[in-house]
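The structure appears right after this line, and notes come after that.
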Amino acid sequence: MTARVPPDFSARLLAWFDVSGRHDLPWQHPRTPYRVWLSEIMLQQTQVKTAAPYFQRFVDALPTLRDLAAAPLDDVLALWSGLGYYARARNLHAAAKQCVERHGGELPRDLEALTALPGVGRSTAAAIASQAWNDRHAILDGNVKRVMTRYHGVEGYPGLPAVERKLWALVDEHVASSQLPEHRLADYTQAQMDLGATLCTRSDPACVLCPLQDDCVARREGRIAELPTPKPGKTPPQKYAHVLWAEDAQGRILMLRRPPTGIWASLWTLPQADDAEAARGWFDEHLSGDYAGALALPPIDHAFSHYKLQLQPLRVRAEARGKIGDNDDLRWVAREELASLGIPAPIRKLLTNQGA
DNA sequence: AATTCGGGGTT
DNA sequence: AACCCAGAATT
């Protein structure tokens, strides 16, 4: 299904971008490869409004790729704390080290080398190359998928491999257009994302303002509300766990670092157990105190994309039974120190809300 | 190629 | 509560 691309497609899009695009995003000034890369990683599955303050804080703390590579992982995770998808932070850190070792401390200007970096896939690599160096590569993120499915009337959930394959073919065809000047690939990439984010939105798109409205299939056929095809629904399983909020006489909280893989990898959390008995067992093994007098706090509901988790917090005064502190993955943490640790959002909320 | 992984915000 | 969001890694 090779769809025809009007010769003035990119010209119309760029003209719209010059007037109505976003030209003042934090990573655009200055637009260095490091800042472009960082922004692209932060913006994976994350809206601009959410990522922007994190970006500013991150580059203030770690202004260059070499700063990032030299920083402890805990510092990077702390800067990421609250942003979600923490594998992105670990991959970012690993990729920075890789750039120092293999690419002279710079991002490689090569699509394959970029894709070889952890956390960088085809679309992100193309976004970096086009935005940092105006190289001619097509991206396919959520915004572009939405624009393309509507403009070309592509049916089927865009996350399906077969549909995604069609969409890649389409965006490649668009970017190959001779009407797209060499020096405007960065703008072209940004224009598509801006169009998708600000105008061709999921619900109630502003078609009357769209530079592509005249030849948009969804618009012409009145199928704007049906495209892109929504994700097939499925009910995620409900899981339960208990978390132990143990506090010593000085008001410090016992926290542990999760393993480097799996959920909340490498983040600091409260000790967690599958059920009440296991929680009691963990307490008896590591702590002593008035477990019977523990306070059961209101349960926390947290949703992941593939399951739901309800956490039952139990707050208890305790002291260490053996030595705690000689193990780097389990230690007492003062409240003032919480801000500097990478902590999952629901746990941070629990510790902060129920404060002193 | 298909499946799995995964956190916060919005509606 | 369902759904969305500048996807990548794994199998």
Side-chain angles (χ1 to χ4, degrees), chain A residues 21-22 25-28 35-55 77 80-92 94-95 114-131 138-148 157-165 167-168 171 186 189-198 200-204 228-239 258 261-267 269 300-310 342-349:
Chain A
R22 295 177 292 186
L25 297 172
W27 38 89
Q28 294 175 329
R35 292 164 61 94
V36 167
W37 169 49
L38 175 61
S39 72
E40 288 302 328
I41 301 300
M42 283 192 169
L43 289 164
Q44 287 171 359
Q45 307 293 93
T46 305
Q47 292 190 326
V48 166
K49 186 181 174 186
T50 303
Y54 285 86
F55 176 86
L77 288 171
W80 210 270
S81 185
L83 195 51
Y85 288 129
Y86 298 96
R88 294 183 296 175
R90 288 184 292 107
N91 286 334
L92 190 77
L114 284 170
T115 309
L117 297 173
V120 178
R122 180 175 175 182
S123 186
T124 298
I128 295 169
S130 62
Q131 296 220 18
I139 64 163
L140 185 60
D141 64 5
N143 288 310
V144 180
K145 283 178 177 173
R146 193 163 51 252
V147 172
M148 286 292 127
Y157 173 58
L160 292 174
V163 179
E164 197 159 289
R165 202 168 58 241
L167 292 172
W168 272 114
V171 293
T189 297
Q190 189 64 45
Q192 293 177 91
M193 295 192 286
D194 287 0
L195 188 75
T198 69
C200 192
T201 49
R202 183 67 184 85
S203 58
D204 196 24
T229 304
K231 183 190 181 99
K234 53 179 185 289
T235 308
Q238 174 77 57
K239 300 185 179 183
R258 297 185 62 94
T261 59
I263 185 172
W264 294 335
S266 300
L267 268 66
T269 64
I300 304 166
D301 285 299
H302 189 69
F304 296 97
S305 60
H306 50 310
Y307 67 91
K308 299 177 180 180
L309 180 63
Q310 186 178 70
I343 301 172
I347 302 296
R348 186 182 294 284
K349 187 176 175 184

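Fair warning: this is a prediction, and the values are worked out from it, not measured in the lab.
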I want to verify a distance call: between [options], whose nearest atom is closest to the [X] side chain?
X       : options                : result
P161(A) : dA2(B), dG7(B), dC5(C) : dA2(B)
S123(A) : dA6(C), dA8(C), dC4(C) : dA8(C)
R165(A) : dA1(B), dG7(B), dA8(C) : dA1(B)
W264(A) : dC4(C), dG7(B), dA6(C) : dG7(B)
T50(A)  : dG9(B), dA6(C), dA8(C) : dG9(B)
T124(A) : dA6(C), dA9(C), dG7(C) : dG7(C)

Original post:
Which sits closer to the 5' end of DNA chain B, G84(A) or K49(A), going by the nucleotide each is nearest to?
Top reply: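 That would be G84(A).
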Original post:
Taking atom types as modelled, is there a side-chain donor on R122(A) or T115(A) under 3.5 Å from an acceptor on the other?
Top reply: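 Result is no, nothing qualifies.
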Give [X] one of three labels, base, sugar-phosphate or nothing, depending on what nucleic acid heavy atoms sit under 4.0 Å from its own.
X       : value
G159(A) : nothing
W27(A)  : base
R348(A) : nothing

**OP:** Could you check L25(A) against T115(A) and say which one's nearest nucleotide on DNA chain C is further toward the 5' end?
**Re:**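 That would be L25(A).
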Original post:
For DNA chain C, whose closest nucleotide is more 5', that of G119(A) or that of G196(A)?
Top reply: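 Nearest nucleotide further toward 5': that of G196(A).
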Original post:
Would you say W80(A) and Y54(A) make side-chain contact, with heavy atoms under 4.5 Å?
Top reply: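 Heavy-atom side-chain distance check fails, nothing below 4.5 Å.
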**OP:** Determine, stepwise, if the pair Q131(A) / R35(A) fulfils side-chain contact (heavy atoms from CB on, under 4.5 Å).
**Re:** CA-CA 10 Å; Q131(A) 296 220 18; R35(A) 292 164 61 94; over 6 Å; no
Original post:
Is there a donor and acceptor pair, one atom on the side chain of R122(A) and one on the base of dA6(C), closer than 3.5 Å?
Top reply: no
**OP:** Kindly compute the distance separating CG (D141(A)) from CD (Q45(A)), expressed to the nearest 0.5 Å.
**Re:** 9.5 Å
**OP:** Could you walk me through whether F55(A) and W27(A) pass the ring pair (Phe, Tyr, Trp, His ring centres under 6.0 Å) test, one step at a time?
**Re:** CA-CA 8 Å; F55(A) 176 86; W27(A) 38 89; 5.3 Å; yes
**OP:** May I have the distance from Y85(A) (atom OH) to dG7(B) (atom C1'), rounded to whole angstrom?
**Re:**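 Whole-Å distance recorded here is 6 Å.
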Subject >> Rounded distance in Å between the C1' positions of dC5(B) and dC5(C) >> reply: 16 Å
